[in-house]
Amino acid sequence: MEKVRVRFAPSPTGPLHIGGARSALFNYLFAKKLGGQFILRIEDTDLERSSCASEKNILDSLRWLGIEWDEGPDVGGPYAPYRQTERLESYQSYVNRMMKTGHCYYCFCSEEELEQERQELMAKGELPRYLGKCRSLTPEEQARLRALGRQPVVRFRVPPGQTVVVDDLVRGQVLFESDGIGDFVVVKSDSIPTYNFAVVIDDLTMGITHIIRAEEHLSNTPRQILVYQALGAPLPQFAHISLILGKDRSKMSKRHGATSVMQYREMGYLPEALVNFLALLGWAPEGEQEIFSLEELIQEFSLDRVAKNPAVFDMDKLHWINGHYIRHTPVERLTQLGTPYLQKAGYLPQTLTTAEEDLACRIFRVLQSYLTCLSQVVDYAPLFFADTVDQSPEAQEVLAEAQVPAVVDLLTRKLNEAPELTPEVVKGILKSITKELKLGGRQVFLPVRAAVTGQVHGPELHDIIPIIGRERVFSRLARFGG
RNA sequence: GGCCCGUUGGUCAAGUGGUCUAAGACACCGGCCUUUCACGCCGGUAACAGGGGUUCGAAUCCCCUACGGGUCACCA
């Protein structure tokens, strides 16, 4: 069997979108599952909107997710270059060929003329498309127009009365009538090829076997197929995956909140969590497993388990998955990834002493089951770093109880006497207080928690008191003593 | 508007004519664990868009309607 070669071909017009990441992921999984190659190609023929920064963002985002490419703009490969603006010559010969065979022709219509044509068609209630005005210009007419300084575009001559069949691996056969497609531009007046043409040539010359991309490209596919046919080239396999929708069921966009991979990274999502989540959007494994490593996904992935219907981006589930990965990752890694949030918020300095590193590690150990994303550590930070804490209404209620001053005084004394504060020591102290004052656990633990943290909920007291440290604990307890 | 795609609980989804009085997960609710919360464990509520066919039998096949989405550029 022919070796599988797939590609992810983003245009560098913005940061990598969550939808793009999923397309890349599906391509990657498909390739790796079948022992094929995953190629990254940059489609930068839109000179206006393309930027190096966006390209870098896309590469960084993919790498962060753990999606590695076998060939691409930065790593090279046997079909280099992998940036369309660097492959301009490669398109020219194909244009010439189609020009010679009559599949293409020059069109001198100006934008104004086209706009007018569009308006007229719309006014008549017909579908706006190019009517083929320049289809049969004689060489003389062409020369005259060129002499006027008109820069022509090259259009593809769409054959009339044809049914174009898109054989799609996820959607089955999809039929299009060629009459519904106007002669489309293949080379722009600045002599840069358009998307619909460049993709075909690149996929063809790079030996791409399967084109897995978002559904929004489905209606472009008949145009591309027409080009393949004009060239007498074999068709690759197509697979159009459904879109990712926002909460309101329209295509995911900025107004739905975070849409780029990097935003999720900044919010403290782990790459493996995002990958796991994205894989489950529009694809379902055979069993009932929900948590998958990249390796497992590669094992399990198959295009025929990809859904046809669009999927709503479910933030709740992402949170759950991320929380799961946070709970299951080593504290050292959590600390490493999470400490920058503490630094950015000013709780810790840019460069850490060994003691501060240790402190951060202890904080993350305690918070591990509380966080659903790393940035939330900042919400808990005052608990560990503030000299005084505000009491919640519930905490105030608890602190009004009669036994509180005695408990606080005794705790203060015992903490003071302890040579060192460790979880074991604090645990013992708290227990001894219940005994000495003959109080129920609740009557001791709850007020202590309220006084020390300002909350009635939170991690084990014996874990957090040593982290908070004697000084701060005393300053928080002070107001509640007898 | 034309063309195209889609429609199983709030969400992700399994399901490819009988084993569906429809799986699992998230969310939600309840219980257990625990000094509290979180975690974890156990349990519960909740769905085949509507209407016609085909068939002994339909979530599964066909048609229509409704709704949602995509696309109609010298953007990709």
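Atom set for the values below is all heavy atoms of this structure, side chains included, hydrogens, waters and symmetry mates excluded. These figures come from a predicted structure and were not determined experimentally. First the proteins, then the strands, lettered A, B, ... as listed; each starts at 1.
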Distance in angstrom units between [X] [atom1] and [N] [atom2], rounded:
{"X": "A:Leu383", "N": "B:A38", "atom1": "CG", "atom2": "P", "answer": "16 Å"}
{"X": "A:Glu215", "N": "B:C72", "atom1": "CD", "atom2": "C1'", "answer": "15 Å"}
{"X": "A:Ile58", "N": "B:A76", "atom1": "CD1", "atom2": "C1'", "answer": "11 Å"}
{"X": "A:Met315", "N": "B:C12", "atom1": "CE", "atom2": "P", "answer": "15 Å"}
{"X": "A:Arg49", "N": "B:C74", "atom1": "CZ", "atom2": "C1'", "answer": "13 Å"}

Using the [atom1] atoms only, state how far [M] lies from [N], rounded to an integer number of Å.
{"N": "B:U60", "M": "B:U7", "atom1": "C1'", "value": "14 Å"}
{"N": "B:G51", "M": "B:A59", "atom1": "P", "value": "13 Å"}
{"N": "B:C28", "M": "B:U34", "atom1": "P", "value": "24 Å"}
{"N": "B:A73", "M": "B:U55", "atom1": "C1'", "value": "49 Å"}
{"N": "B:C64", "M": "B:U19", "atom1": "P", "value": "29 Å"}
{"N": "B:C41", "M": "B:G9", "atom1": "C1'", "value": "24 Å"}
{"N": "B:G68", "M": "B:G30", "atom1": "C1'", "value": "35 Å"}
{"N": "B:A46", "M": "B:G53", "atom1": "C1'", "value": "31 Å"}

SB check [X] [Y] (cutoff 4.0 Å):
{"X": "A:Arg49", "Y": "A:Asp44", "value": "no"}
{"X": "A:Arg333", "Y": "A:Glu272", "value": "yes"}
{"X": "A:Glu89", "Y": "A:Arg87", "value": "no"}
{"X": "A:Glu424", "Y": "A:Lys427", "value": "no"}
{"X": "A:Lys251", "Y": "A:Glu216", "value": "yes"}
{"X": "A:Glu436", "Y": "A:Lys414", "value": "yes"}
{"X": "A:Glu290", "Y": "A:Lys317", "value": "yes"}

For RNA chain B, whose closest nucleotide is more 5', that of A:Glu111 or that of A:Arg442? A:Arg442
Both A:Val312 and A:Lys308 contact RNA chain B. Which one's nearest nucleotide lies toward the 5' end?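 Its nearest nucleotide being more 5', the pick is A:Lys308.
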Of all the heavy-atom pairs spanning A:Ile244 and A:Leu281, show the shortest one and how long it is.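 For A:Ile244 and A:Leu281, the tightest heavy-atom pair comes out as CD1-CD1, 3.9 Å.
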With both distances kept under 3.5 Å, what pairs with [N], Watson-Crick or G-U wobble?
{"N": "B:A23", "result": "none"}
{"N": "B:A76", "result": "none"}
{"N": "B:A58", "result": "none"}
{"N": "B:C37", "result": "none"}
{"N": "B:G43", "result": "B:C29"}
{"N": "B:C67", "result": "B:G6"}

Counting only side-chain nitrogens and oxygens, does [X] get under 4.0 Å of the OP1 or OP2 atom of [N]?
{"X": "A:Arg249", "N": "B:G6", "value": "no"}
{"X": "A:Arg305", "N": "B:A14", "value": "no"}
{"X": "A:Lys251", "N": "B:G68", "value": "no"}
{"X": "A:Thr45", "N": "B:C75", "value": "no"}
{"X": "A:Arg118", "N": "B:C72", "value": "no"}

Touch check for [X], heavy atoms < 4.0 angstrom, all strands: base, sugar-phosphate only, or nothing?
{"X": "A:Lys247", "value": "nothing"}
{"X": "A:Phe176", "value": "sugar-phosphate"}
{"X": "A:Leu175", "value": "sugar-phosphate"}
{"X": "A:Gly287", "value": "nothing"}
{"X": "A:Val185", "value": "sugar-phosphate"}
{"X": "A:Glu48", "value": "nothing"}
{"X": "A:Val456", "value": "base"}

Write down the protein N/O and nucleotide N/O pairs, taken from nucleotides 25-28 of chain B, whose separation is under 3.5 Å; answer none if there are no such pairs.
unit_1, atom_1, unit_2, atom_2, d
B:A25, O4', A:Glu290, OE2, 2.9
B:A25, O2', A:Lys317, NZ, 3.3
B:C26, O2', A:Asp316, O, 3.4
B:C26, O2', A:Lys317, N, 3.3

Is the ring centre of A:His217 less than 6.0 Å from the ring centre of A:Tyr195?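 Between A:His217 and A:Tyr195, the centre distance is under 6.0 Å.
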Measure from the side chain of [X], starting at C-beta and using heavy atoms only, and say which of [options] lies closest.
{"X": "A:Leu243", "options": "B:A13, B:G70, B:C4", "value": "B:G70"}
{"X": "A:His457", "options": "B:G69, B:C37, B:U35", "value": "B:C37"}
{"X": "A:Asn309", "options": "B:C75, B:U7, B:C5", "value": "B:U7"}
{"X": "A:Asn196", "options": "B:A76, B:C74, B:C12", "value": "B:A76"}
{"X": "A:Arg327", "options": "B:C4, B:C39, B:U36", "value": "B:C39"}
{"X": "A:His462", "options": "B:C74, B:U35, B:A76", "value": "B:U35"}
{"X": "A:Pro310", "options": "B:U36, B:C74, B:G6", "value": "B:G6"}
{"X": "A:Arg449", "options": "B:C4, B:C75, B:U36", "value": "B:U36"}

Quick check with a 6.0 Å cut-off and a 45 degree axis cone: is [X] positioned over the face of [Y]'s six-membered ring?
{"X": "A:Arg305", "Y": "A:Phe301", "answer": "no"}
{"X": "A:Arg155", "Y": "A:Phe184", "answer": "no"}
{"X": "A:Arg146", "Y": "A:Tyr106", "answer": "yes"}

Kindly state which residues belonging to residues 361-370 of chain A come within less than 4.0 angstrom of RNA chain B, counting heavy atoms of the residue only, listed by number. A:Ser369, A:Tyr370
List the steps, then state whether ring-ring contact (aromatic ring centres under 6.0 Å, His included) holds for A:Phe156 with A:Tyr228. CA-CA 12 Å; A:Phe156 184 84; A:Tyr228 278 102; over 10 Å; no
Mark yes or no for a side-chain to base donor-acceptor pair under 3.5 Å between A:Ser189 and B:C74, with no hydrogen or angle criteria applied. yes
